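Notes to accompany the following structure.
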Amino acid sequence: QKPRATSAADLEELMLAREQSRAKLVVGHQVLLAPGMQALLRSLRSGAIGDIERVASCRVSSGAKHNLASALWELGPHDVSACLRCFGEPPVEVSCVATDPAQQSVELTLSFGGGRSAVLMLSRMGEGARRELVVTGSTGALRFDELSGSVNGEPAVPGRDPLVLQCEHLVACARGEADSWFGFEEGRAVTEVLMRAERAMVPARASDPRPRTRATGPLGGVPSFDGS
């Protein structure tokens, strides 16, 4: 998680270590274990909103002053993993724009062909916390609020804490009692998307004002930063 690999060389190192030690490599995607996210994915598989056309996500916190790492790598793995699960395939094109010189706020766009796309807003410069994902299909839409655990405004989906589930699963894998829910290939797919985004990133100019990102208000079709 947050991912251990940030380059092709890191991925090769992990693969070699796994082969030499014959150990299990467990990838942590905590957001995918959230009961609300599991409910959303089940609805998508059942065709509840028809063919998936668009994903829009917003992951905002106010921790920029405490962490100097890029928001792309610190926050991006969560929503990239969710997008790959929703579409079931890697994007054909990746673009990224830093809206802050220190890369504390970025907008990531993934194109999946056939006019399908995902837009991810990632920021540590918010006025509060916000974690939402909206999936729009040909016949409807689903909105997952990670903080409340709700889907489409309904009461939080019951279930266990995803962090507890992930830790228990890690222990079970270490004991040889289970296979990883999220295999190495899934972790590699997320890392490769982030690597492509980093290479394609359009940097913000040092003279640009540092935007603040609102943590309230509706998440529209394309999330954007509010410069007020």
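Since the model is a prediction, treat every value here as computed from it, not as a measurement.
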Of all pairs that satisfy side-chain hydrogen bond (donor to acceptor under 3.5 Å, both in side chains), the ones with a partner from residues 81-93, not counting sequence neighbours: Arg85-Glu186, Glu89-Arg116
Pair up each side-chain donor or acceptor in residues 39-51 with any protein partner under 3.5 Å, not counting sequence neighbours, and list the distances.
unit_1, atom_1, unit_2, atom_2, d
Ser43, OG, Ala39, O, 3.1
Ser46, OG, Ser43, O, 2.8

Results of salt bridge (Lys or Arg N to Asp or Glu O under 4.0 Å) for Glu198 - residues two or more places apart only: none
Check: Gln38 side chain, Leu32 main-chain N or O, donor-acceptor pair, under 3.5 Å: yes
Audit row: Val60, Met121, side chain to side chain contact (heavy atoms under 4.5 Å, CB included) steps and yes/no: CA-CA 8 Å; Val60 176; Met121 181 174 72; 3.9 Å; yes
CA sep, side-chain torsions, deciding dist, call: Met201, Gln103, side chain to side chain contact (heavy atoms under 4.5 Å, CB included): CA-CA 10 Å; Met201 185 179 296; Gln103 298 182 14; 3.5 Å; yes
Donor-acceptor contact present, side-chain Thr99 to main-chain Ser105, <3.5 Å: yes
Distance-only donor-acceptor check, side chains Ser117 and Arg54, under 3.5 Å: yes
Between CG on residue Leu110 and OG on residue Ser95, distance to nearest 0.5 Å: 8.0 Å
Distance in Å, Leu194 CG paired with Leu75 CG, rounded so as to fall on 0.5 Å steps: 10.5 Å
Minimum-distance pair of heavy atoms, taken over all atoms of Ser57 and Leu120: OG-CG, 3.2 Å
Spacing of Asp145 atom CG and Glu132 atom CD [to the nearest 0.5 Å]: 5.0 Å
Heavy-atom closest contact (Gln30 atom, Pro162 atom, distance): O-CB, 3.6 Å
From Ser70 atom OG to Arg124 atom CZ, the distance as rounded to the nearest 0.5 Å: 7.5 Å
Interatomic distance, Thr136 atom OG1 to Arg143 atom CZ [nearest 0.5 angstrom]: 9.0 Å
Distance (rounded to the nearest 0.5 Å) between Leu122 CG and Glu74 CD: 11.0 Å
Qualifying ring pair (Phe, Tyr, Trp, His ring centres under 6.0 Å) pairs, either residue in residues 120-160, two or more places apart: none
Ala129 versus Leu147, closest heavy-atom pair with distance: O-CD1, 3.6 Å
Worked check of side chain to side chain contact (heavy atoms under 4.5 Å, CB included) between Leu108 and Asp79: CA-CA 10 Å; Leu108 177 60; Asp79 296 310; over 6 Å; no
Worked check of side chain to side chain contact (heavy atoms under 4.5 Å, CB included) between Val151 and Glu154: CA-CA 6 Å; Val151 177; Glu154 297 295 327; 5.8 Å; no
Test salt bridge (Lys or Arg N to Asp or Glu O under 4.0 Å) applied to Glu168 - qualifying residues, sequence neighbours left out: Arg160
Sequence neighbours excluded - ring pair (Phe, Tyr, Trp, His ring centres under 6.0 Å) pairs with any residue from residues 88-113: Phe87-Phe112
Heavy-atom closest contact (Val193 atom, Pro91 atom, distance): CG2-CD, 3.8 Å
Shortest non-hydrogen contact between Leu72 and Cys96, atoms and distance: CD1-SG, 4.4 Å
Heavy-atom closest contact (Asn152 atom, Ala141 atom, distance): ND2-O, 3.4 Å
